[in-house]
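Working notes, beginning with the structure itself.
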Protein chains: 2
Amino acid sequence: MNIRHLTFRLLQVYVAVVRSGSMSEAARLLHLTQPTVSQQLKRLAEAVGEPLLESRHGRLVPTEAGSELYRASREVLGRFADFDDYLTALRGGERGRFSIALVNTAQYVLPRLLGPFSQAHPEVDVTVHIGNRRQMLTRFERQDDDLYVFSHPPSLAHAVAGRFLRNPLVAVAPHGHALADRERVTMRELLGERFLLREPGSATRMLFESWLQEQGLSLGATLQMASNEAIRVGVAAGLGLAVLSEHVLPPEHPDLVILPVAGLPIESHWQFIVRRDRRLSHAALGFLRFAEGHLAECVEPRFLCNEIDGLLAGLGEAGA
Amino acid sequence: MNIRHLTFRLLQVYVAVVRSGSMSEAARLLHLTQPTVSQQLKRLAEAVGEPLLESRHGRLVPTEAGSELYRASREVLGRFADFDDYLTALRGGERGRFSIALVNTAQYVLPRLLGPFSQAHPEVDVTVHIGNRRQMLTRFERQDDDLYVFSHPPSLAHAVAGRFLRNPLVAVAPHGHALADRERVTMRELLGERFLLREPGSATRMLFESWLQEQGLSLGATLQMASNEAIRVGVAAGLGLAVLSEHVLPPEHPDLVILPVAGLPIESHWQFIVRRDRRLSHAALGFLRFAEGHLAECVEPRFLCNEIDGLLAGLGEAGA
DNA sequence: TCTGGTAATAGATGATTCTCTATGTAGTGC
DNA sequence: GCACTACATAGAGAATCATCTATTACCAGA
């Protein structure tokens, strides 16, 4: 059997003929002429190298080889129909896989979106990578993921971004701190205290430091801890003060106070970033669409800042 | 996805590329040039409507859609490889089906061939139809079967024949019959006795009657029985005489004697008959070949008359 | 024996495919 | 930045395909 010149079309025609038991009938069903079907069948029989049909009492019935070919054809066409369904699901974003890389702080909030999304699209596999800004930048450079969440995007030369959530950085002090009751505090007043800082690769630290620089200030004693949690607990325990994303604070935080420092909160935003030079998986696109539609239900209104539509538009233009 | 222009060849190329992770490598394996492979893949991706491969660290790896296509392709190609095996077996006569139609008398001998054949080719289904000559002729006209066994073939306009076994018709009488000891008996001497005859459609009867006619003789009293067995038992019981195929007699038959009638035995031969206007199944052809090779082992030498090679030759010329 | 339906063949044509060579482009690794 | 390898594109010729119309051949039933 010469498989080289076997087409799926040929099998479709063959199946139609076997089913209807007649070439003319099959031709009608397929919107072809009878000679076309006749010739296709001839080609198919040649490819197989064996007669496929014989005329019994005016009906065409498959020979032995023909029966087996019919079985094989149906299986094969069925398999590709399944594949087609798979593609449809893939394209609809109902199935598939994508990975998203988050800077540390965003992990406090992204599950609120990913949870409902996963529930709505159980067939989509999501992989979440978490690390500090520097680690995420590496992943971004290597194009490891479909989506990235940064507060300040890296170079947008090969990417598009869309903000979706406010990320205010506030100064926190332990409950009962001397300045906690003041209506207004200046940063300068706090410089004498020890500050707990994230590690150098962290976005939170970077933002805080560049803000300080703008103000012409620099910190005194510092203590470095590579985790927002550790810092929050450290501040509560009286180790010092810190500037943290408000998202890091639990809804109720009786052991901490937010100091009303002038110039704070530092206003930043998280953004979804998508590389333009990497094809975005349908599933990831589906997630962005979902986020755009359901963001308001998933986060507190005061943080809301839905500019994902702009990102989607930017992608559309890139994809076109 | 447009399945119309999907070729098995395309899938083969695709599978080779996915397996090797490189187009150039696949091209070498398939004895093609790299641009050819590149272009084929492009066509395939177009047919699918989705990117299939992406370059990761210098290797081509399938996208999601590509992975699924790879799975589908392998299944489909595997299915057709199986089909190919099936064809091979079919062509080798190792598998398949055929039907053979026997005149009654031949049933005493054909199992000796069919038994060993079935043992050697357990995957071949054989259907045996048995009836008298007239019934077999009807089947022959309707082209119901692959092979027919007649003693005298019908018109050979659309068929070829090959003798394979002598079928002598002898006169039998009960043990102790008055003429049993004579060295020579003429038919005329027997006409006074009652003869047990098969039914009119029978070949045995036809042969006997036409022999009688040649001799210018006609029978007196007759008794008709539609079974060789019944006639044999009837003769033994003294109901009368009969002319029967020697094959009908058991190896030992103490209750019967063969009368040495002048002009008997009537020499006839069984033949395999194959219609020339019906494609002969590989299995049936395999059986004929088997019969040609093993006939001598399966029947008594005195009946042997292997002219099947002529039949096979006749088929070859028709098939070419 | 005519008639109707069905399959096969012939002949034609535009589209598609297959495959090549030659050349361009883009990552990878040093 | 350079060399190397691998993929992409262009262009071209031969082959094959898909499909049609028109005709022929065959078979079964009236």
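Below, read A as the first sequence line, B as the second, and so on, with proteins coming before strands; counting in each chain starts at 1.
Applying the ring-ring contact (aromatic ring centres under 6.0 Å, His included) test between A:Tyr148 and each of A:Trp270, A:Phe98, A:Phe140 identifies A:Phe140 as the sole match. Checked options B:Val126, B:Leu288, B:Val128; the residue passing with B:Leu147 is B:Leu288 (criterion: side-chain contact (heavy atoms from CB on, under 4.5 Å)).
Here A:Phe287 and A:Phe290 keep their ring centres 6.0 angstrom or further from each other. Note: A:Phe272 and A:Phe150 fail the aromatic proximity criterion, with ring centroids not under 6.0 Å apart.
For A:Arg79, the salt bridge (Lys or Arg N to Asp or Glu O under 4.0 Å) test picks out B:Glu68, B:Glu75, with sequence neighbours left out. For A:Arg134, there are no salt bridge (Lys or Arg N to Asp or Glu O under 4.0 Å) partners at least two apart in sequence or on another chain. Taking A:Asn104 as the reference, A:Gln107 meet the side chain to side chain donor-acceptor pair (under 3.5 Å) condition, with sequence neighbours excluded.
Put simply, A:Lys42 has no side-chain N or O that comes within less than 4.0 Å of OP1 or OP2 on C:dA7. Applying the 4.0 Å criterion to OP1 and OP2 of C:dA7, one finds that A:Ser22 has a side-chain N or O inside that range.
Axis angle, first five pairs versus last five pairs of the helix from C:dT1-D:dA30 to C:dC30-D:dG1: 40°, rounded to 10°.
The distance from the CZ atom of B:Arg9 to the CD atom of B:Gln12 is 5.5 Å, given to the nearest 0.5 Å.
If you check every strand for non-hydrogen atoms under 4.0 Å, A:Ser24 touches sugar and phosphate atoms only.
A donor-acceptor contact under 3.5 angstrom links the side chains of B:Glu50 and A:His282, judged on distance only.
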For nucleotides 12-23 of chain C, 5' to 3', base contacts (B), sugar-phosphate-only contacts (S) and non-contacts (-) with protein non-hydrogen atoms under 4.0 Å give -----SSBBBB-
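Atom CG in A:Leu41 sits roughly 10 Å away from atom P in C:dA7 (whole-Å rounding). Note: CG (A:Leu53) to P (C:dA7) measures 10 Å, nearest angstrom.
Protein chain B contacts DNA chain D from D:dA6 to D:dT19, reading 5' to 3' and using non-hydrogen atoms of the protein with a distance under 4.0 Å.
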What verdict does the salt bridge (charged side-chain N to carboxylate O under 4.0 Å, His left out) test give for A:Arg95 and B:Glu64, after you've listed the backbone C-alpha separation in whole Å, the side-chain angles of each residue and the deciding distance to 0.1 Å? CA-CA 10 Å; A:Arg95 123 171 271 143; B:Glu64 286 168 51; over 6 Å; no
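Of the charged side-chain nitrogens involved, at least one lies within less than 4.0 Å of a carboxylate oxygen, so that B:Glu25 and B:Arg28 count as a salt-bridged pair.
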